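Predicted model, so just to flag it, every value in this text is computed and none were measured.
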Amino acid sequence: MPEAVLAQLRERLAVLEPELLEIEDESHRHAGHPGAASGGGHYRLRLVSQCFAGLPRLARHRLVYDALDGLMKREVHALSMTLQTPEERGA
């Protein structure tokens with residue numbers, strides 16, 4: 001199941017044209033957590049995209065949540081995000 005979810009995450013995030021996309025499944029660190037009981041995983045995301053240029057942090061998060069609509073609260077219980085532009089990544 002985790003590989004299928006990771007594939008879905010990558011597929012949906014492709015709309016943001018990532019220059020870098022790293023997704024780490026951290027679900028094992030949350031065993032026994034109430035959110036884990038429903039089957040939703042815990043993930044750490046690092047995404048670098050020009051789509052984030054000029055956007056504040058909240059707007060960047062909304063772009064990601066919009067792309068993942070339908071996966072949040074079911075397959076994904078928690079998502080920690082680092083979202084950067086290519087220029088921020090190089091700084």
Side-chain angles (χ1 to χ4, degrees):
M1 166 111 159
E3 288 303 318
V5 173
L6 291 172
Q8 287 180 314
L9 291 169
R10 286 186 187 96
E11 180 181 321
R12 296 212 183 172
L13 292 170
V15 300
L16 298 176
E17 302 175 4
E19 293 186 19
L20 173 75
L21 177 59
E22 298 173 345
I23 306 170
E24 182 181 352
D25 183 354
E26 296 185 334
S27 300
H28 64 281
R29 295 183 185 168
H30 302 274
H33 182 274
S38 68
H42 289 69
Y43 299 92
R44 180 174 301 276
L45 169 68
R46 181 169 182 221
L47 196 153
V48 176
S49 174
Q50 193 60 44
C51 292
F52 299 140
L55 296 178
R57 183 177 178 209
L58 183 58
R60 294 176 185 198
H61 282 235
R62 284 190 180 142
L63 280 177
V64 170
Y65 287 132
D66 288 347
L68 299 179
D69 187 44
L71 292 177
M72 299 304 298
K73 306 263 180 174
R74 284 193 335 240
E75 287 85 356
V76 178
H77 171 71
L79 184 64
S80 171
M81 294 184 262
T82 300
L83 308 173
Q84 300 172 304
T85 65
E87 295 77 20
E88 293 167 338
R89 178 182 178 217

Can you hop from M72 to V5 via hydrophobic side chains spaced under 4.5 Å?
yes

Return yes if some donor-acceptor pair links the side-chain N/O of T85 with the main-chain N/O of Q50 below 3.5 Å, else return no.
no

How long is the straight-line distance from OG1 of T82 back to CZ of R44, given to the nearest 0.5 Å?
6.5 Å

Within one Ile-Leu-Val-Met-Phe-Trp-Tyr cluster: L9 and Y65, side-chain cutoff 4.5 Å:
yes

Taken to the nearest 0.5 Å, the spacing of L63 CG from M81 CE works out to 10.0 Å

Does the R12 side chain pair with the main chain of D69, one donor and one acceptor, at a distance under 3.5 Å?
yes

Do V15 and L45 sit in the same hydrophobic cluster, where Ile, Leu, Val, Met, Phe, Trp and Tyr count as joined when their side-chain heavy atoms come under 4.5 Å apart?
yes

Non-hydrogen atoms of G41 and S27 that approach each other most closely
CA-OG, 3.2 Å

Grouping I, L, V, M, F, W and Y whenever their side-chain heavy atoms are under 4.5 Å apart, do V48 and I23 come out in a common cluster?
no

Measuring from atom OH of Y43 to atom CD of E26, what distance do you get when rounded to the nearest 0.5 angstrom?
11.0 Å

Spatial distance of atom CZ (R89) from atom CD (E19) [nearest 0.5 Å]:
8.0 Å

Using atom types as modelled and distance alone, determine if a side-chain donor or acceptor of R46 lies under 3.5 Å from a backbone N or O of E22.
no

Same cluster (ILVMFWY, side-chain, under 4.5 Å), L83 and L55
yes

I want to check something: taking the side chain as every heavy atom from C-beta on, are V76 and L68 in contact at a cut-off of under 4.5 Å?
no

Closest heavy-atom pair and its distance - E75, Q8:
CG-OE1, 4.2 Å

Can you see which heavy atom on Q84 is nearest to which on F52, and at what distance?
O-CD1, 3.4 Å

